[in-house]
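Notes for the one structure printed next.
All ligand and atom numbering here is 1-based and tracks the order in the structure. Computed over heavy atoms, backbone and side chain alike; hydrogens, waters and symmetry mates excluded.
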Amino acid sequence: MIDKSKIDEIVSSYKKPAIATICSHSSLQIFHGARQEGIKSIGICLKGKERMYDAFPLAKPDEFIFVNSYSDLPASELVARNAIIVPHGSFVEYMGEKLDDFPVPVLGNRHSLMWERSREKMFDWIYKAGLRTPKVFLDPRQIDRPVIVKFPGAKGGAGYIVVNSYEEYREKVGERKAMVQEFMTGVRAYPHYFYTPLGKKGYPASNGSLELLGVDRRIESNADEIGRALHSGAHVPMGFTVVANEPMVLRESLLPEYLDIGKRVAEAADKLFGGIPGPFCVETIISDKMEVFTFEISARIVAGTNIFGNGSPYSVYTDGNPLSMGRRIAMEINRAAKAKKLDEIVY
Ligand code: AMP
């Protein structure tokens with residue numbers, strides 16, 4: 001991985017930071033937030049894809065850099081334009097391990113993205129945070145209930161399968177490498193957090209503070225419509241491909257626990273790899289006994305935040321302005337630049 005000192009050197013040479021990201025995932029929100037906070041935005045784009053932004057002029061980046069492939073980005077051109085990369089799900093997926101050595105400042109801590117990439121490491125992080133998780137079956141012969149089988153590199157839940165026994169596992173999974181988790185029933189909730197090391201205003205966490213900006217639930221095909229198929233007599237397996245997101249407001253009595261979950265994840269990140277400044281999300285399922293189970297961490301902005309371009313039922317209480325995650329990111333970059341602390345929020 002590129003040395004942090006090298007990234008600090010680059011960012012300290014920036015006169016006025018710009019925000020850059022790949023034109024996908026949550027880019028409308030990121031560019032819109034940058035514009036609201038007066039920061040120049042740069043869209044890294046495949047030729048032809050820029051036309052979408054004509055439909056959304058307030059979320060169109062100020063400049064485009066056109067590339068032939070998202071896995072091959074022009075680092076020196078980005079640095080020449082004083083770019084700070086905001087990594088989102090597609091960015092992380094397209095770049096893969098190349099992100100580790102990419103010589104451009106990235107908002108947050110690129111170690112966290114490395115921990116997110118490996119499901120085993122991610123679970124170490126969740127355990128370190130002391131969170132309740134679904135049971136993980138290290139030995140598939142011990143499967144004694146419905147389990148969800150997650151293959152490495154699955155994109156947005158695509159390709160996962162649910163099996164009920166070791167025999168079914170052998171038949172459908174065979175020797176393929178996978179993580180096997182207890183299949184949890186309950187209500188899924190995906191809270192969107194922002195951790196800042198730059199101030200103590202807000203919910204105390206580590207050396208800074210934590211904000212809960214919103215909560216979404218994903219709509220996955222075909223798990224979320226499977227009742228129709230089953231009722232019609234079709235026997236289709238459940239699928240978990242993310243298609244869209246919908247907003248959620250949690251029972252207020254759950255908020256203390258959800259703030260604690262965010263705090264624990266941020267503090268465990270501190271201990272394990274030096275922290276997680278910026279946005280992150282924790283994927284949870286709430287049982288009918290009101291127990292919260294965590295099964296995944298996304299160490300960057302998630303697409304569920306796209307629902308709240310104009311703020312959420314939570315962000316309305318954190319900041320008077322309509323506050324999207326994109327805008328919160330831009331505010332952080334402005335604050336850090338003003339205080340000459342950009343090195344504390346990028347790697
Ligand atoms: P993930 O790749 O871990 O984000 O999972 C994709 C989707 O699969 C989630 O959004 C859930 O709908 C579902 N899922 C993942 N893990 C579990 C689990 N342990 N129990 C039930 N559903 C799960």
Side-chain angles (χ1 to χ4, degrees), residues 25-26 88-90 92-93 96 112-113 115-127 129 131-138 140 142-165 168-169 172-173 176-193 214-227 229 236-248 250 258 261 265 279-307:
H25 191 270
S26 41
H88 52 52
S90 306
V92 171
E93 187 184 312
S112 69
L113 299 169
W115 278 69
E116 173 190 320
R117 209 183 295 141
S118 147
R119 207 161 266 132
E120 286 69 28
K121 270 181 127 52
M122 185 204 291
F123 261 73
D124 287 347
W125 182 3
I126 296 173
Y127 293 142
L131 303 181
R132 193 186 288 115
T133 65
K135 183 174 161 71
V136 175
F137 289 85
L138 296 175
Q142 288 171 353
I143 294 172
D144 59 357
R145 62 194 84 180
V147 294
I148 181 164
V149 183
K150 302 183 174 186
F151 299 102
K155 296 174 180 70
Y160 291 178
I161 53 175
V162 176
V163 300
N164 282 273
S165 64
E168 196 184 354
Y169 180 91
K172 294 189 175 155
V173 181
R176 281 185 286 167
K177 194 176 166 319
M179 182 184 247
V180 181
Q181 289 174 14
E182 173 181 13
F183 185 85
M184 304 302 305
T185 37
V187 173
R188 290 166 299 128
Y190 304 83
H192 317 145
Y193 301 103
V215 184
D216 79 292
R217 179 161 62 171
R218 294 180 183 171
I219 307 173
E220 294 166 338
S221 187
N222 52 22
D224 292 309
E225 297 280 354
I226 199 126
V236 289
M238 266 211 282
F240 302 93
T241 305
V242 183
V243 175
N245 304 81
E246 56 191 358
M248 280 182 93
L250 294 168
Y258 271 89
I261 289 172
V265 168
F280 67 97
C281 172
V282 178
E283 296 181 29
T284 65
I285 293 184
I286 309 160
S287 76
D288 54 359
K289 296 190 183 65
M290 296 285 274
E291 288 178 328
V292 180
F293 293 82
T294 296
F295 60 90
E296 179 124 353
I297 300 173
S298 298
R300 31 116 195 130
I301 185 169
V302 287
T305 59
N306 289 341
I307 301 163

### Query
Is Phe295 close to ligand 1, meaning an N/O of one under 3.5 Å from an N/O of the other?
no
Looking only at non-hydrogen atoms, the one of Tyr190, Phe183, Tyr160 nearest atom 5 (O) of ligand 1 is Tyr160
One should read off an interatomic distance between Gln181 CD and Phe295 CZ, to the nearest 0.5 angstrom, of 7.5 Å
Counting from 1 in the order shown, the ligand 1 atoms closer than 4.0 Å to a non-hydrogen atom of Glu283 are 1 (P), 3 (O), 4 (O)
Discussion item. Can you tell me if Phe293 contacts ligand 1 (heavy atom of the residue under 4.0 Å from the ligand)?
Written reply: no
Residues pairing under salt bridge (charged side-chain N to carboxylate O under 4.0 Å, His left out) where one sits in residues 288-304, two or more places apart or in two chains, turn out to be Glu116-Arg300
Quiz item: Phe183 vs Phe240 aromatic rings, parallel, tilted or perpendicular, using cut-offs 30° and 60°?
Solution: tilted
Residues at least two apart in sequence or cross-chain that pass side-chain contact (heavy atoms from CB on, under 4.5 Å) with Asn245, listed by chain then number, are Asp216, Arg218, Ala303, Ile307
Closest to atom 23 (C) of ligand 1 by heavy-atom distance, out of Val149, Ile148, Ile297, Thr284, is Ile148
Checking heavy atoms under 4.0 Å, the part of Gln181 that sits near ligand 1 is side chain
Between the side chains of Ser298 and Tyr190, does any donor sit under 3.5 Å from an acceptor?
no
Here the atoms of ligand 1 under 4.0 Å from any heavy atom belonging to Glu182 are 18 (C), 19 (N), 20 (N)
Per-atom filter on ligand 1: closer than 4.0 angstrom to a heavy atom of Ile285 are 20 (N), 21 (C), 22 (N)
Tested for side-chain contact (heavy atoms from CB on, under 4.5 Å) against Val147, the lone hit among Val136, Val180, Ile161, Val162 is Val180
